[in-house]
Protein chains: 2
Amino acid sequence: MTEISNAEFEVLEALWQNHPASANDIITKLNENTNATGIESQDKQWHDKTVKTLLNRLVKKQAISFEKQQRHYLYSPLLEREAYTLKESKSLVARMFSGKLAPLVAGFAKQNELNKDDISALKSLISDWEKNND
Amino acid sequence: MTEISNAEFEVLEALWQNHPASANDIITKLNENTNATGIESQDKQWHDKTVKTLLNRLVKKQAISFEKQQRHYLYSPLLEREAYTLKESKSLVARMFSGKLAPLVAGFAKQNELNKDDISALKSLISDWEKNND
DNA sequence: GAGTTAAGATTACATTTGTAATCTTAACTG
DNA sequence: CAGTTAAGATTACAAATGTAATCTTAACTC
C-alpha cells in the first residue's frame with residue numbers, strides 16, 4: 001500500500017474516531033477547535049475542499065472506503081488504526097534505532113519525558129510479557 | 001528548522017557514522033552493499049549526483065556544514081543524532097499515541113516484537129529511572 | 001602555463017503533498 | 001417537472017522530494 005501523508009493521516013484519524021462518517025462529519029470533527037478548557041484554540045481550520053481532496057486520495061490509496069447514502073457518501077476506514085500505528089512505529093524504530101525499542105525509550109527517559117504513570121504502564125507491560133513468555 | 005526528508009536522513013545517517021567526510025566518502029558508505037554474511041545485497045545504489053543534491057539540501061537546511069579541503073568539501077553534521085531521533089520519536093508518539101509512550105511499547109509487545117533482551121533493556125531503563133526519581 | 005578533470009553549483013523533471021477552486025450532475029424544492 | 005444546490009469529480013498550482021543531468025571552474029597534470 002502507498003504511504004499515507006501527514007494531512008491524510010489527520011483525516012484518517014478523524015474517521016477512526018467516528019465512522020462511518022460523511023465528509024461533513026469529518027470536516028466538523030477536524031474543526032472542533034475548542035480545547036479541554038473550552039477556550040477557542042488557534043488550531044488550523046480545515047477547508048471543505050481540502051478535506052474532500054484528502055478523502056479522495058485516501059480512497060485511491062485504499063485506506064478508506066465509502067458507500068453512497070442519498071446525496072452524499074459515508075466513509076469508513078479500511079486500514080486498522082492499530083495495524084497502521086504499529087507499522088509506522090516499527091518503521092521509525094528500524095530507521096533510527098536499528099529496530100531496537102529500548103534506545104527510543106532511553107531517549108525519552110534521558111530527556112525527562114517519562115513520569116510515574118508512564119513507568120507504571122511500562123512495568124505493567126513488562127510483567128504481562130513475562131507472564132506470557134516464561 | 002525545516003524538515004529532513006527520508007532520503008536526506010539516510011545521507012545524514014552516513015555522515016553521523018563517520019565524519020568529517022567528503023562527498024565521496026559518504027557515497028561509498030551509502031553504497032557499501034554487502035551485508036553481514038558478506039553476500040552482495042540488493043540494496044539500492046546511490047547515484048553520485050543524487051547524494052550531492054541531498055548534501056546541498058542538508059546544507060541549506062543547516063543540518064550539516066562543510067569546509068573546503070583542496071578541491072573538495074569535508075562535511076560534518078550540525079544536528080546531533082540523538083536530538084534528532086528524540087524529536088522524531090516524540091513527534092510520532094504525539095501524533096499516534098497522544099504523547100504516551102506505553103501504547104507504542106504495547107503495540108510491539110502485542111505483535112511479539114519484543115524478546116528477552118529487549119525486556120531486559122527496558123527493565124534496566126526503568127530501574128535507572130526509579131533511582132533518579134524516588 | 002595550457003589543457004584536462006573532477007567537485008560542487010545549477011538546472012531539470014516527474015511525483016507527491018498541501019491546499020484549494022471550478023466543473024458536473026444527481027438530488028432536493030417549490 | 002424546472003430550477004437550484006450541494007456533493008463529489010476534476011483540475012490547479014506551488015512547494016517538497018527523489019533522482020539525476022548539465023554547467024562552471026578551481027585544482028591537478030604535463
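Below, chains carry the letters A, B, ... as their sequence lines are ordered, and counting in each starts from 1.
Of all the residues in residues 65-76 of chain B, B:R71, B:H72, B:Y73 reach under 4.0 Å from DNA chain C with at least one non-hydrogen atom.
In this structure, A:K49 atom NZ and C:dT19 atom P are separated by 17 Å, rounded to whole Å. In this structure, B:I64 places its CD1 atom 11 Å from P of C:dG8, rounding to the nearest Å. Residue B:W46 contributes atom CH2, which lies 8 Å from atom P of D:dG18 at whole-angstrom precision. Distance A:L55 CG to C:dA20 P: 15 Å, rounded to the nearest Å. Spacing between atom CD of B:Q45 and atom P of D:dA20 amounts to 10 Å, rounded to whole angstrom units. Rounded to whole Å, the distance from CG on B:D25 to P on C:dG8 is 10 Å. For the pair A:L54 CG and C:dA20 P, the computed distance is 10 Å after rounding to whole Å. Between the CD atom of B:E3 and the P atom of C:dT17 there is a distance of 15 Å, rounded to whole Å.
Among the atoms of the strands shown, base atoms are found under 4.0 Å from some heavy atom of B:N56.
The side chain of A:H47 contributes an N or O atom lying less than 4.0 Å from OP1 or OP2 of C:dA21. Within the 4.0 Å cut-off from OP1 or OP2 of C:dT16, not a single side-chain nitrogen or oxygen of A:K60 is found. The side chain of B:K52 places no N or O atom within less than 4.0 Å of a non-bridging phosphate oxygen (OP1 or OP2) of D:dA21. Residue B:S5 has a polar side-chain atom (N or O) positioned under 4.0 Å from OP1 or OP2 of D:dG18.
Between A:E130 and B:K123 a salt bridge is recorded (basic side-chain N to carboxylate O distance below 4.0 Å). Remark: B:K110 engages A:E82 in a salt bridge, criterion side-chain N to carboxylate O under 4.0 Å. Under the 4.0 Å criterion applied to side-chain N and carboxylate O atoms, A:K60 and A:E8 are not assigned as salt-bridge partners. Under 4.0 Å is where a charged nitrogen must lie from a carboxylate oxygen, and between A:E3 and A:K61 no such pair does.
Counted within 6.0 Å of CD on A:E80, heavy atoms from surrounding residues, nucleotides or ligands total 12 or fewer; the atom is thus considered open.
Taking a pair to require two hydrogen-bonding distances under 3.5 Å in either a Watson-Crick or a G-U wobble arrangement, C:dT25 pairs with D:dA6.
Side-chain atoms of A:T53 and base atoms of C:dA20 include a donor and an acceptor less than 3.5 Å apart. Judged by distance alone, with hydrogens and angles left aside, A:R57 brings a side-chain donor or acceptor within reach of the base of C:dT19, the pair sitting under 3.5 Å.
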For this session: For the pair B:S91 and B:K87, evaluate side chain to side chain contact (heavy atoms under 4.5 Å, CB included) and give the outcome as yes or no after the intermediate values.
Result: CA-CA 6 Å; B:S91 161; B:K87 184 168 80 65; 5.7 Å; no
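Across all their heavy atoms, B:A7 and B:W46 have their closest contact at O-CH2, 3.9 Å.
Toward the 5' end of DNA chain D, the nearer of the two residues A:A23 and B:N6, judged by each one's closest nucleotide, is A:A23.
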